[in-house]
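Proteins get letters first, then strands, A, B, ... in listed order; numbering begins at 1 in each. The figures that follow rest on heavy atoms only: side chains count, while hydrogens, waters and symmetry mates do not.
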There are 2 protein chains.
Amino acid sequence: MGLTRTEIFSTEQNQLATLFKALAHPARIAILQRILSSNTCICGDLVDELGLAQATISQHLKELKNAEIIQGTIEGVSVCYCINPVTWKSIETQMSAFLGAYKQEASCC
Amino acid sequence: MGLTRTEIFSTEQNQLATLFKALAHPARIAILQRILSSNTCICGDLVDELGLAQATISQHLKELKNAEIIQGTIEGVSVCYCINPVTWKSIETQMSAFLGAYKQEASCC
DNA sequence: AAATTAAATCGTAATATTGCAATATATAAT
DNA sequence: ATTATATATTGCAATATTACGATTTAATTT
């Protein structure tokens, strides 16, 4: 117990849930919004701007990287992060397919 | 520690994260897909169809209800669940605003 | 090569989530 | 009223997440 029973769900269901999970933290939303608005984003800037410790930011960045939502390039001593365009497109596709599946027919309750 | 520091984020960021969190489990995705395909959905059917205990299904339904993503009506001995159209619309709006904020300009890395 | 700077990793404490058996509650049928 | 059926709640164990100080790793500058 205490462990998600992924075996009983479809790959699609697990993937979608994993994607949502990667986005299910305000710090990660904030990091992504920062990247979205600046296009570019140096890791250290996030530490200054969000009120979280360097280790914490680094951990959130790692999760976003693991989900392949962002990618980082070493730029001298710093690391520059940006959106992974392929994954972002895929997120848009998957989520709009999921959300768009609702057709407001005669509601039952 | 071990507790999300919501105070340092905007209401919008927290709301979006909360929404994503409600959807961040394959059982809840499966439940929603089931409702989306049938429009109607009796709680007991979910227990039969997904391979999870009745208490577990009930708990996931409660989370979706708390997030106001679904609503339930007592129908005799059973409970009939369906999508909350207002919240669903709002999810679509919020998520597409968030995802649509990415304009693939000259990528930096 | 030593010092500096930036980011990642480790270790750990606090809290949250997941799953289920057992029990409680609520409505319907007898 | 009693019984049957369906769902919710409680209690608890196992695992996951969040946060951060301390340390390590990696690249740059001196």
Side-chain angles (χ1 to χ4, degrees), chain A residues 1-9 13-14 17-31 34-35 40-67 70-82 109, chain B residues 1-9 13-14 17-31 34-35 40-67 70-82 109:
Chain A
M1 301 129 217
L3 162 144
T4 300
R5 295 194 46 200
T6 51
E7 8 42 273
I8 65 172
F9 301 106
Q13 288 165 340
N14 284 313
T18 301
L19 262 181
F20 280 126
K21 196 178 220 169
L23 300 172
H25 195 287
R28 295 196 287 276
I29 298 289
I31 288 170
R34 177 63 220 283
I35 298 179
T40 278
C41 177
I42 301 294
C43 170
D45 294 349
L46 292 168
V47 178
D48 296 337
E49 289 168 31
L50 313 182
L52 289 169
Q54 184 266 321
T56 308
I57 296 288
S58 199
Q59 198 174 260
H60 284 302
L61 285 169
K62 191 184 178 182
E63 280 184 68
L64 290 170
K65 254 190 301 178
N66 285 346
I70 60 172
Q71 57 200 189
T73 322
I74 296 165
E75 205 150 277
V77 181
S78 317
V79 174
C80 173
Y81 283 100
C82 68
C109 47
Chain B
M1 299 129 220
L3 165 143
T4 300
R5 294 191 46 198
T6 51
E7 7 47 271
I8 65 172
F9 301 105
Q13 288 165 340
N14 285 314
T18 301
L19 263 182
F20 281 126
K21 196 178 219 167
L23 301 172
H25 194 288
R28 295 195 287 275
I29 297 290
I31 289 170
R34 178 62 219 284
I35 297 180
T40 277
C41 178
I42 302 293
C43 169
D45 296 348
L46 292 168
V47 178
D48 296 337
E49 290 168 30
L50 312 182
L52 289 169
Q54 184 267 322
T56 309
I57 297 288
S58 196
Q59 196 174 262
H60 284 302
L61 285 169
K62 191 184 181 183
E63 278 183 70
L64 290 171
K65 254 190 301 178
N66 285 346
I70 62 173
Q71 56 199 190
T73 322
I74 297 166
E75 204 149 281
V77 181
S78 318
V79 176
C80 172
Y81 284 101
C82 68
C109 47

Min side-chain heavy-atom separation Ile29(A)-Phe20(B) under 4.5 Å: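 The answer is yes; the side chains approach within 4.5 Å.
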Can you find a pair of side-chain heavy atoms, one from Val79(A) and one from Leu61(A), that are under 4.5 Å apart?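 When only atoms from C-beta onward are counted, Leu61(A) and Val79(A) do not touch, as no gap falls below 4.5 Å.
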Pairs under 3.5 Å (N/O, protein and nucleotides 26-29 of chain C):
| residue | atom | partner | partner atom | Å |
| --- | --- | --- | --- | --- |
| dT27(C) | O3' | Gly76(B) | O | 3.3 |

Which value, rounded to the nearest 0.5 Å, describes the distance between [X] atom [atom1] and [Y] atom [atom2]?
X        : Y        : atom1 : atom2 : value
Leu46(B) : His60(B) : CG    : NE2   : 11.0 Å
Ile35(A) : Cys80(A) : CD1   : SG    : 8.5 Å
Ile70(B) : Ile31(B) : CD1   : CD1   : 7.0 Å
Ser58(B) : Lys65(B) : OG    : NZ    : 6.5 Å
Tyr81(A) : Thr73(A) : OH    : OG1   : 9.0 Å

Provide, to the nearest angstrom, the distance between the [atom1] atom belonging to [X] and the [atom2] atom belonging to [N].
X        : N       : atom1 : atom2 : answer
Ile8(A)  : dT18(C) : CD1   : P     : 13 Å
Lys62(A) : dA7(C)  : NZ    : C1'   : 12 Å
Ile31(A) : dA19(D) : CD1   : P     : 10 Å
Gln71(A) : dA7(C)  : CD    : P     : 17 Å
Leu3(B)  : dT17(C) : CG    : P     : 10 Å
Ile57(B) : dA8(D)  : CD1   : P     : 11 Å
Ile70(A) : dA7(C)  : CD1   : P     : 12 Å
Leu64(B) : dA8(D)  : CG    : P     : 12 Å

Are any of [X]'s side-chain N or O atoms less than 4.0 Å away from OP1 or OP2 of [N]?
X        : N       : result
Lys21(B) : dT17(C) : yes
Tyr81(A) : dA6(C)  : no
His25(A) : dA19(D) : yes
Lys65(B) : dA8(D)  : yes

Of all the heavy-atom pairs spanning Ala27(A) and Leu52(A), show the shortest one and how long it is.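 Looking at all heavy atoms of both residues, the shortest contact is CB-CD1, 3.8 Å.
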Closest-nucleotide 5' rank along DNA chain D - winner of Thr6(B) and Cys43(B):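 Per heavy-atom nearest nucleotide, the more 5' residue is Cys43(B).
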Under the side chain to side chain contact (heavy atoms under 4.5 Å, CB included) test, residues paired with Ser78(B) that sit two or more places apart: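 Ser78(B) satisfies side chain to side chain contact (heavy atoms under 4.5 Å, CB included) with Ile42(B) once adjacent residues are dropped.
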Sequence-distant partners of Thr4(B), side chain to side chain contact (heavy atoms under 4.5 Å, CB included), two or more places apart: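 In terms of side chain to side chain contact (heavy atoms under 4.5 Å, CB included), with neighbours along the sequence ignored, Thr4(B) is linked to His25(A), Pro26(A), Thr6(B).
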With heavy atoms under 4.0 Å as the rule, sort Ser78(B) into base, sugar-phosphate or nothing.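 If one applies the 4.0 Å heavy-atom cut-off, Ser78(B) turns out to touch the sugar-phosphate alone, with no base involved.
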Using a 4.0 Å heavy-atom cut-off across all strands, classify Ile42(B) as base, sugar-phosphate, or nothing.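 Here Ile42(B) touches the backbone only, sparing every base.
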More than 12 foreign heavy atoms under 6.0 Å from CD1 of Ile74(B): is that the case here?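 No, not enclosed.
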Global bending angle along the helix from dA1(C)-dT30(D) to dT30(C)-dA1(D), which compares the axes of five pairs at either end, to 10 degrees: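 The angle separating the two end axes equals 20°.
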Pick the closest DNA chain C nucleotide for Thr4(B) and for Gly44(A) by heavy atoms, then say which residue is nearer the 5' end.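 Result of the comparison: Gly44(A).
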Any salt bridge (charged side-chain N to carboxylate O under 4.0 Å, His left out) involving residues 42-64 of chain A? Give me the pairs, sequence neighbours left out, ordered by first then second residue.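 Listed once each, the pairs are Arg28(A)-Glu63(A), Arg34(A)-Glu49(A).
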Provide a list of protein-nucleic acid N or O atom pairs under 3.5 angstrom, restricted to nucleotides 20-24 of chain C.
| residue | atom | partner | partner atom | Å |
| --- | --- | --- | --- | --- |
| dC20(C) | OP1 | Arg5(A) | NH1 | 2.9 |
| dC20(C) | OP2 | Ala53(B) | N | 3.2 |
| dC20(C) | OP2 | Thr56(B) | OG1 | 3.2 |

